Structure formats: structure tokens, C-alpha cells
Amino acid sequence: MGDVSAGRVMDRAQTDYMAQVRAKRVMNLILVVIFIALMIAGFQTADSRNAGGFWNGLPNVFDFPGDVVGEAIERAHLLPGYLWEYLPSLIETINIAAASTLIGAIIGLVISLMVTRGLAPVPLLVGPLRRCLDILRAVPEIVIALVLIFLLGGGPVPAMIAIALHTIGALGKLFSEVNENASLKPVEGLESVGANWTQRMWFGVIPQVAPNYLSYALLRFEINIRASAILGFVGAGGIGYDLRNTMSWGQGKFDEAAAIFLLLFAAIVVVDQISSYFRDRLTHGATNVELHR
């Protein structure tokens with residue numbers, strides 16, 4: 001009897017499990033169908049509102065890259081001069097990204113400490129400050145830049161402010177998550193000897209999480225270089241502004257656009273490799289040292 005009862009229990013468990021599997025598959029199928037239907041509906045809406053229609057313009061999608069490459073090859077002897085001519089604009093773009101990253105990282109660090117539960121000096125401000133970070137992350141840099149350009153005029157300053165505000169929201173969120181993993185024992189020890197909040201954060205928390213801070217800040221610097229170049233299209237200065245002008249001019253300037261593309265691509269690749277190297281050293285260097293020992 002015991003074996004029969006155990007067999008029935010096993011059969012019932014297997015039947016229930018198979019029923020759950022079938023229900024999950026049906027639910028996944030329904031979700032896939034809904035997703036496909038939404039994609040098709042959204043594409044049709046976008047295609048109907050697109051000037052000329054997507055399918056009508058699809059055969060011409062490679063015309064512009066072909067013109068740029070063709071003109072660049074035809075005037076290849078002029079490319080070194082163009083690279084040198086637009087190098088200051090690239091430096092301006094990198095400066096905008098660097099300044100906005102530095103400002104955003106510093107302010108984001110302070111706010112992250114104020115919104116981390118267990119570390120916040122004023123617990124009542126945790127919720128409102130978190131919502132402020134959410135708003136800063138939610139509003140795209142280009143929207144902020146357009147508003148600031150309308151108020152302050154074109155140039156690198158609106159771009160720097162716009163990128164810095166978005167960086168505060170992004171790094172503030174990331175830093176606060178890092179802070180939550182920090183040990184509170186050093187903080188409690190400093191508090192027991194009379195250290196104030198700033199001293200507890202500076203000596204008790206930041207030394208623990210500094211490598212993660214720097215890693216996230218370097219990653220954000222890469223992102224901000226691309227954002228700075230994009231904002232140039234709306235008049236915020238940098239190499240993006242020159243790229244917009246050369247592309248708007250049309251044929252006759254495509255070789256200069258190609259030179260700007262090459263400069264921007266090279267800068268992003270170099271910065272990406274350098275920051276990836278330092279991020280790896282910061283996050284895994286200590287572990288590798290211990291293993292070699």
C-alpha cells in the first residue's frame with residue numbers, strides 16, 4: 001500500500017508539473033503574439049507618418065554612405081589636413097565630456113550618500129532625492145540642451161550642463177547601489193569616537209567603494225563623449241556642430257564629413273580601450289595581486 005500511495009503522489013506531482021509547464025508555454029506564446037502584434041502595429045504607424053514611407057526610401061539607404069566614402073577616396077590626399085583642422089573641435093568635445101563627467105560624478109557621489117539607507121544624514125530626504133535622480137535620468141540630454149540653448153544661446157556650456165545633469169542622475173543611482181554593499185562597521189567605529197557625518201563617509205565608506213566609483217565614472221565618460229558629439233547637432237558646439245555643417249552642405253563637403261567621422265571613431269575607440277584597461281585594473285587588480293602572492 002505504501003508503494004502504491006507513493007506512486008500516486010509521484011504521478012500527481014508529475015501531472016501538476018506538466019500542467020504548470022503547459023500553462024507557462026501558453027502564457028509565453030500569448031506574450032510573444034502580443035509583442036509581435038505591437039511591433040507590427042507600431043511599425044505601420046511609423047511608416048505611415050514617415051515622409052515618403054519607409055519602403056520607398058529603403059533602396060536609397062546606402063546612397064549617403066556611398067557618396068561620403070566615394071568623395072573621401074577621391075580626395076584622400078586632403079584628409080590629413082582635414083584631420084588637423086577639426087582636431088580642436090574634437091578636443092572641445094572631449095573637454096565637454098570630461099568636465100560634465102567630473103561635475104556629475106562629484107555631485108552624484110554626494111547625493112548617493114544622502115539617499116543610501118543606513119548612511120543618509122536626513123532619512124526624510126531619501127525619497128525626494130531619489131525621485132530627483134529619477135527625473136534627471138529620465139529626461140534626455142538633448143531635451144535639456146535644447147532648453148538651455150534657448151535660454152543661454154549656443155555653445156559648449158549648455159551641452160556641459162545638460163550632460164552633467166544627466167550624469168548626476170545616472171551616477172547617483174549607480175553609486176547608491178554600490179554604497180549599499182559597503183560594510184557599516186568602519187562607520188560605526190568612527191561614530192563611536194565622535195566623527196561627524198562627513199568624516200564617517202570620507203574615511204569609512206568611500207575607501208571601500210572608490211574602485212567601483214572610478215569604474216562607473218570612466219564608463220560614463222565614454223558615454224558622455226558620444227552624447228557631447230550628438231549634442232553638437234543642435235548647436236551645442238564641439239565636433240558634432242562641424243559634422244552637421246558639413247553634412248548639411250552636401251556634396252563637396254563629404255570628404256570633410258568623412259574626416260570628422262574618422263576622428264570621432266578614433267577618439268571613441270582610444271578612450272574606450274584606455275578606460276576599459278583602467279576599469280579592469282580597478283575592479284580586478286587587487287584580486288590578481290592576491291592570486292600572484
Side-chain angles (χ1 to χ4, degrees), residues 1-50 53-59 61 108 111-112 115-120 123 126-143 166-184 208-209 211-220 222-223 226-227 230 268 272-273 275-277 279-288 290-291:
M1 293 294 293
D3 293 339
V4 174
S5 299
R8 290 177 179 175
V9 171
M10 292 294 296
D11 291 341
R12 187 179 300 111
Q14 185 175 6
T15 302
D16 293 341
Y17 173 75
M18 294 304 298
Q20 292 178 3
V21 170
R22 287 192 294 269
K24 185 176 181 180
R25 288 176 178 173
V26 171
M27 182 60 65
N28 289 339
L29 179 61
I30 293 174
L31 291 176
V32 169
V33 171
I34 293 174
F35 175 76
I36 294 175
L38 291 174
M39 288 289 293
I40 294 174
F43 180 82
Q44 290 178 343
T45 302
D47 181 56
S48 64
R49 296 185 179 183
N50 185 50
F54 174 78
W55 296 112
N56 294 332
L58 188 60
V61 69
I111 296 178
S112 72
V115 301
T116 304
R117 294 177 178 85
L119 301 177
V126 171
L129 287 176
R130 283 182 177 271
R131 301 294 78 77
C132 289
L133 292 177
D134 293 341
I135 293 172
L136 291 176
R137 287 197 310 276
V139 181
E141 298 101 323
I142 193 168
V143 175
H166 199 273
T167 301
I168 291 170
L171 291 183
K173 171 67 173 178
L174 294 173
F175 288 173
S176 65
E177 293 178 353
V178 171
N179 296 339
E180 292 174 355
N181 297 321
S183 174
L184 295 179
Q208 298 183 57
V209 296
N212 299 93
Y213 281 174
L214 292 174
S215 178
Y216 282 130
L218 287 172
L219 179 61
R220 189 68 200 183
E222 300 173 30
I223 298 172
R226 290 185 280 271
I230 292 171
I268 291 175
D272 176 73
Q273 293 299 314
S275 61
S276 296
Y277 170 78
R279 286 203 312 272
D280 184 68
R281 291 293 300 271
L282 288 168
T283 55
H284 301 103
T287 303
N288 293 336
E290 293 297 329
L291 289 175

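All figures in this text were calculated on a predicted structure; none of them were measured in a lab.
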Exercise. Tell me, with the steps shown, if Arg226 and Ile268 meet side-chain contact (heavy atoms from CB on, under 4.5 Å).
Key: CA-CA 8 Å; Arg226 290 185 280 271; Ile268 291 175; 3.4 Å; yes
Item to complete: Could you please spell out the steps behind the side-chain contact (heavy atoms from CB on, under 4.5 Å) verdict for Leu184 and Leu119?
Response: CA-CA 9 Å; Leu184 295 179; Leu119 301 177; 3.6 Å; yes
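The distance from the CD1 atom of Ile111 to the CD1 atom of Ile168 is 6.0 Å, given to the nearest 0.5 Å. Between Tyr213 atom OH and Leu174 atom CG the span is 11.0 Å, to the nearest 0.5 Å.
Counting only distance, with no hydrogens or angles, the side chain of His166 and the backbone of Arg137 share a donor-acceptor pair below 3.5 Å.
With sequence neighbours excluded, no residue forms a salt bridge (Lys or Arg N to Asp or Glu O under 4.0 Å) with Asp272. A search for side-chain hydrogen bond (donor to acceptor under 3.5 Å, both in side chains) contacts involving Ser176 returns nothing, not counting sequence neighbours. The side-chain hydrogen bond (donor to acceptor under 3.5 Å, both in side chains) check on Tyr216 picks up nothing, with sequence neighbours excluded.
Residues Leu136 and Gly169 approach most closely at CB-CA, 3.9 Å, considering heavy atoms. Nearest heavy-atom pair, Ser112 versus Asn179, reported as atom, atom and distance to 0.1 Å: OG-ND2, 3.2 Å. For Val115 against Val126, the heavy-atom pair with the smallest separation is O-CG1, 3.5 Å. Residues Ser183 and Gln208 share a closest heavy-atom pair of N-OE1, 2.9 Å.
Annotation: salt bridge (charged side-chain N to carboxylate O under 4.0 Å, His left out) contacts involving residues 173-182, sequence neighbours excluded, comprise Arg130-Glu180, Lys173-Glu177. For residues 21-41, no pair satisfies salt bridge (charged side-chain N to carboxylate O under 4.0 Å, His left out), with sequence neighbours left out.
Using a 4.5 Å heavy-atom threshold, the side chains of Pro211 and Leu214 count as separate.
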Would you give me the side-chain donor-acceptor pairs under 3.5 Å for residues 30-38, sequence neighbours excluded?
none

